[in-house]
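Note on naming: letters A, B, ... go to the chains in the order of the sequence lines (proteins, then strands), and numbering restarts at 1 for each one.
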Amino acid sequence: MDDTRAVNFLERIIEEDVENNVYHRPVHTRFPPEPNGYLHIGSLYAINLNYNAARRFGGKFNMRFDDTNPLKEDMEYVNAIIEDMKWAGYDPGNNVFFGSDYFQMIYDLTEKLIERGLAYVCDLTPEEMHLKRGTLTTAGTNSPYRDRSVEENLTLFRGMREGVFAPGERVLRAKIDMSSPNMNMRDPVIYRILNATHYRSGDKWKIYPMYDYAHPIQDAIEDITHSMCSIEFKDHRPLYEWVLNSLDFAFPEPPKQREFGRINITGAITSKRYLRQLVSLGYVDGWDDPRLPTVKGLRRRGFTQSSIHRFLTEIGVSRDMSTVDISMLESCLRDDLKSKVGSVMAVIDPLRVTITNYEGDIEYVKVENSNVNPELGTRALPFGRHILVDRDDFMETPEKGFHRLYPGNEVRLKGAYFIKCEEVIKDDSGKVIELLCVYDPETKSGSGNVTRKVKSTLHWVHAEKNLPCDVYLYSRLLTNENISGEEADWEGAADKGSKVLMSNAVVEESLRNAAPESRFQFLRHGYFVVDIACKPGEKLRFNRIAALKESYRKK
RNA sequence: UGGGCCGUCGCCAAGCGGUAAGGCACAGGACUUUGACUCCUGCAUGCGAUGGUUCGAAUCCAUCCGGCCCAGCCA
C-alpha cells in the first residue's frame, strides 16, 4: 500500500483517533468469523476492510474465531476459513485466536460484574422472558429475580457453571434497563447453560457467554482498537460499550465498535444459512461449487487473488447496504486475466468442416497465445483437411448482421486460412452435419499477402488431433430470487444457475499438457476456462464466467 | 407505528459550504487474425422531495417521502 491516506470513512475514523492519540497502543483490527460456514465474497469484504485498515496505519490484524456457541461450530470450518483467507491473500500468520480460549477470563470478569451488582441470575423461562421483554413500542417489565443479592447471584452463577441446573433453567442477565427503546438493552442474557460439547473446549464448560457480551471482552483482551462490524450491529453498540464500561477496571482504553454497510452481489447467495442448505441438500457439489460466491467457489470458477482485491477496492466502503452488479466482479477478473494468461480455442458444439481442396497432411500453424501480451508467446496447432467449428458460427440462412459462416461466405480461421463455405451436408432429419469449404492457400495467417478482407474470424480445432472433454457451462451464479422466508425453492433456483454438461465439446490439443488450475480465456465471448482437471481419469471441465453480452444475443 | 441506520447516474462510489471524480453497465465511432481486446466519444444544469440559512448548499437547518435493522437462552 503506497498511499497512507484514509480511503474510506472507517479509515478516516481511525486516522482521526491516531492523530488525537486516543489509544496508547497500535491500531489493531480483527476479523471474527463464527466457524459455522465457509467464507464468501461478503466475508472477504469485511476481511479486506479490517486488514487494510490495520496495514495502512502500521497496525496489527487478528483473526479470531467467534466460537461461543458449541451447537453450531466445527473444526471443519476453522480449517476452511484459514485456508481461504490465505488463498485470498489475507494471511493472518500467527495471529489466529479463538474466543473460546478466553472462556476462563470472561468467566472471572463476570464474577466481578456480578459483584458490582450489574448482572443477575434469572429463572424466567424463555417464554416468560419473551413476554416480559415488551415490544418495539412498549416497555418491558423487570424480572422478579432482578433484585437478588450479590451473594445469591454468585452462588447461583457458580451453580450454573457446575452443571447444577439444566439448559434453559437459568441464565445470567445484564442489569440495564427494561424500558430502553433499544431492545438490546432490556437486560440482555449474557450467559446461558448449554449441554453440548464444544469443538475446542470439549465438555469443560456448561455455560457459554452470548455474542453481545463476549465480543467486546474478546476484543479488549486482544488489545483491539477498532472493532468493525456490519451495520446491523449498530443497535448493539450501546451494549458493547456498556459491557466494557462496566469492566473499566480491566480495560482502561476500551476498543470502539464501528459499523459498515453490507454488500450484496446481484444474483448471488451470500447468506450462510442458505449456502449451508444448498450444500447439505445436495443442490450443489459442495461449498466449492462454482455457482456459489464462496471463496472456494470463486476460486474454482477461475477468480484470482488480484481480481478479488481489485473488486474489493473498486466497490469501496460505505454505510449503505449496497448491491453490486456481478458484472463488476467479472470485469475485474477479465481485466486481470487478459494480460496474464493466454487464450485457447475450444469448440463447445462441434460442426465438422471439410476443406475439399486441402490435400496436404497435417500442417502446424503458429498462433499467438495472447493478443494483448506478446510475452505469452506462441503455440503450434495442427491444421488439416478436417476441422471442427462451433455450430453457432454457422447459419444456413444468415440473419442480418451475421458475418460468420454461411453458404458462399468467406471467413478467416484464426491462425490459419480463409475458407469459403460451398456446400451444406445434412442428415436424414435435415440437421446440418458437415460443411464443405474451400480454402485459399494464399491467405495463410502472417503471410502478409492477403489483399482482401473478411468480416469475421472463427475459432476451430483439428477434427482428430484435439482433446474431447466435458464442458460445464455455468451460466451464472446460483440466484436467490426464488428465496422467500425460511423455505427456499431450490429446485427453481438450481435451474436458474444451471450447470449444463456438453459432453461432445473439444479443445485444442495443446491443452493436453496444461497444468492443473491453469486458466485460459476462450477466444470468444469472454469465456474463461477453469478447473482444468488433467489428472488421469478425470475429464476436462470448463466454465464460462461471462454470460453472453446482451448485444451478442440480439445479433 | 418505539428506537437506530441510510438515501449522489441503471449498479458501486468520490465529494465534507465555492459551483457534481472514477469504475461497472450501456450507446456511438475507430482499429483488429474472432462481434473479443485496444483506442476515442457520449452518458446527473443534477445530488430522495420541499422549504429555509448563505454572496454561494449534494454539503448546514427544518419538515416530509422512501429503504434497511431490532422484540434468539444465534452470531
- Item | ring-ring contact (aromatic ring centres under 6.0 Å, His included) assessment of Tyr45(A) paired with Phe311(A) | CA-CA 9 Å; Tyr45(A) 170 75; Phe311(A) 174 72; 8.9 Å; no
Can you check the [X] [atom1] to [N] [atom2] distance for me, whole Å?
{"X": "Met328(A)", "N": "G10(B)", "atom1": "CE", "atom2": "P", "result": "14 Å"}
{"X": "Leu337(A)", "N": "A36(B)", "atom1": "CG", "atom2": "C1'", "result": "14 Å"}
{"X": "Asn264(A)", "N": "C69(B)", "atom1": "CG", "atom2": "C1'", "result": "14 Å"}
{"X": "Asp440(A)", "N": "U33(B)", "atom1": "CG", "atom2": "C1'", "result": "15 Å"}
{"X": "Asp320(A)", "N": "C11(B)", "atom1": "CG", "atom2": "P", "result": "12 Å"}
{"X": "His459(A)", "N": "U32(B)", "atom1": "NE2", "atom2": "C1'", "result": "18 Å"}
{"X": "Asp336(A)", "N": "G23(B)", "atom1": "CG", "atom2": "C1'", "result": "16 Å"}
{"X": "Glu314(A)", "N": "G22(B)", "atom1": "CD", "atom2": "P", "result": "13 Å"}

Distance check, [atom1] atoms only: [N] and [M], in whole angstrom units.
{"N": "G10(B)", "M": "C70(B)", "atom1": "C1'", "answer": "31 Å"}
{"N": "G15(B)", "M": "A21(B)", "atom1": "P", "answer": "13 Å"}
{"N": "C73(B)", "M": "G4(B)", "atom1": "C1'", "answer": "24 Å"}
{"N": "A25(B)", "M": "U33(B)", "atom1": "P", "answer": "25 Å"}
{"N": "A49(B)", "M": "C55(B)", "atom1": "P", "answer": "24 Å"}
{"N": "G56(B)", "M": "G18(B)", "atom1": "C1'", "answer": "7 Å"}
{"N": "C61(B)", "M": "G23(B)", "atom1": "P", "answer": "32 Å"}
{"N": "C31(B)", "M": "C24(B)", "atom1": "P", "answer": "23 Å"}

Any strand is fair game: report the nucleotide pairing with [N] by Watson-Crick or G-U wobble, both distances under 3.5 Å, or none.
{"N": "U38(B)", "answer": "A30(B)"}
{"N": "C74(B)", "answer": "none"}
{"N": "C68(B)", "answer": "G4(B)"}
{"N": "A21(B)", "answer": "none"}
{"N": "G46(B)", "answer": "none"}

- Query: G35(B), G23(B), U33(B): which one has an atom nearest the side-chain heavy atoms of Ser456(A)?
  - Reply: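 Output: G35(B).
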- Task: For the side chain of Arg12(A), starting at C-beta, report the closest nucleotide among G35(B), U38(B), C16(B).
- Result: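 Output: C16(B).
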- Item | Footprint string (nucleotides 70-75 of chain B, 5' to 3'): B base within contact, S backbone only, - free, heavy atoms under 4.0 Å | BBSBBB
- Mind checking whether Phe65(A) and Phe97(A) have ring centres under 6.0 Å apart?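 That pair fails the under 6.0 Å test.
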- Message: If you take the centroid of each ring, where Trp contributes its six-membered ring, are His198(A) and Phe103(A) closer together than 6.0 Å?
- Response: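 Here the rings of His198(A) and Phe103(A) have centres that are less than 6.0 Å from each other.
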- Could you tell me whether a side-chain N or O of Thr443(A) sits under 3.5 Å from a main-chain N or O of Tyr417(A), the two making a donor and an acceptor?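 Answer holds: no.
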- Message: Donor-acceptor pair, distance only, cut-off 3.5 Å: does the side chain of Thr294(A) make one with the backbone of Trp287(A)?
- Response: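 Flag set: sc Thr294(A) to bb Trp287(A) pair under 3.5 Å.
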- Hey, which sits more toward the 5' end of RNA chain B by its nearest nucleotide, Lys234(A) or Asp325(A)?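 Per heavy-atom nearest nucleotide, the more 5' residue is Lys234(A).
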Can you tell me if [X] touches the phosphate of [N], counting only side-chain N or O atoms and a distance under 4.0 Å to OP1 or OP2?
{"X": "Lys444(A)", "N": "U33(B)", "result": "no"}
{"X": "Ser327(A)", "N": "A25(B)", "result": "no"}
{"X": "Arg412(A)", "N": "U33(B)", "result": "no"}
{"X": "Arg334(A)", "N": "A25(B)", "result": "yes"}

- Query: In terms of side-chain geometry, is the basic nitrogen of Arg310(A) or Asp335(A) positioned less than 4.0 Å from the acidic oxygen of its partner?
  - Reply: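 Yes.
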- Side chains of Thr304(A) and Lys340(A): do they bring a donor and an acceptor to under 3.5 Å?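 Absent: no donor and acceptor within the cut-off.
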- Message: What contact category does Val454(A) fall into here, base, sugar-phosphate, or nothing, at under 4.0 angstrom with non-hydrogen atoms?
- Response: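 No contact at all - Val454(A) keeps every heavy atom at 4.0 Å or more from the nucleic acid.
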- Message: Counting the atoms with a prime plus P, OP1 and OP2 as sugar-phosphate, which does Ser370(A) contact under 4.0 Å by heavy atoms, base, sugar-phosphate, or nothing?
- Response: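 Touches nothing.
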- Task: Please lay out, stage by stage, how Phe418(A) and Tyr439(A) fare under the test ring-ring contact (aromatic ring centres under 6.0 Å, His included).
- Result: CA-CA 6 Å; Phe418(A) 282 12; Tyr439(A) 87 118; over 10 Å; no
- Arg146(A): partners by side chain to side chain donor-acceptor pair (under 3.5 Å), with sequence neighbours left out: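 Only Asp187(A) meet the side chain to side chain donor-acceptor pair (under 3.5 Å) criterion with Arg146(A).
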- Message: Quick check: any donor-acceptor pair below 3.5 Å linking the side-chain of Arg237(A) to the base of G4(B)?
- Response: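 Flag unset: no donor-acceptor pair detected.
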- Query: Would you say the side chain of Thr457(A) and the base of U33(B) hold a donor-acceptor pair, judged only by whether the two atoms sit under 3.5 Å apart?
  - Reply: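 By the distance-only test, no, there is no pair.
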- Task: Mind telling me if G35(B) is syn or anti? Syn here is a glycosidic angle within 90° of 0.
- Result: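 Base orientation relative to the sugar is anti.
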- Quick one: sort the Phe233(A) and His236(A) rings into parallel, tilted or perpendicular, breaks at 30° and 60°.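 The arrangement is perpendicular - the two ring planes meet at more than 60°.
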